[in-house]
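Everything below concerns the one structure shown next.
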Amino acid sequence: PTIVGFNTKIVKDEIRAFPNPSSTKVNIISSKAFTSIEVFDVLGNKITTIKQSGNNYTLNVSEWKTGVYNAILYNNGIIGNCKIIVNHWG
């Protein structure tokens, strides 16, 4: 497995996650097409893998625990990552 830190910028492609923080849904938009997304918590536990081709995806985070997550986007290798903050405290 590839380990990517939260502050690691792998490539110069723009990846945005919004709204961030969120308690329901987070939209991920990339300037480069991706084929899958993996999301990890701060301890490195894989939360989900999404097989989805395109430049955007909406994650349902409503059942995730409050915390910080790292989304890694792939297309024949890693194209980038972004931090997602889930906050259910209002």
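Atoms considered below: every heavy atom in the structure, side chains included; atoms not considered: hydrogens, waters and symmetry mates. In what follows, residues are counted from 1 in the order of the sequence shown.
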Backbone N or O of [Y] within a donor-acceptor pair of the [X] side chain at under 3.5 Å?
X	Y	value
N20	K83	yes
H88	W64	yes
S30	A33	no

Please examine the side chains of [Y] and [X], heavy atoms only from C-beta on, and report whether any two atoms are closer than 4.5 Å.
X	Y	result
W89	T66	yes
I28	I84	yes
I37	Y57	yes
N70	I72	yes
L59	I50	yes

Given the rule in the side chain to side chain donor-acceptor pair (under 3.5 Å) test, do N87 and S23 qualify, once you have shown the distances and angles that lead to the verdict?
CA-CA 5 Å; N87 184 357; S23 61; over 6 Å; no
Starting at CZ of F18, measure out to SG of C82 and round the result to the nearest 0.5 Å.
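Answer rounded to 0.5 Å: 11.0 Å.
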What's the spacing between N75 CG and S36 OG if we round to 0.5 Å?
8.5 Å
Taking all heavy atoms of [X] and all of [Y], pick out the closest pair and write down the distance.
X	Y	result
I15	I79	CD1-O, 4.3 Å
T49	E38	OG1-CG, 3.8 Å
K25	V61	N-CG2, 4.0 Å
I47	F40	CG1-C, 4.1 Å

Over 12 foreign heavy atoms within 6.0 Å of CG, N45
yes
Check whether I29 and F34 end up in the same hydrophobic cluster, where Ile, Leu, Val, Met, Phe, Trp and Tyr are linked by side-chain heavy atoms less than 4.5 Å apart.
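Different clusters: I29 never reaches F34 through Ile, Leu, Val, Met, Phe, Trp or Tyr contacts under 4.5 Å.
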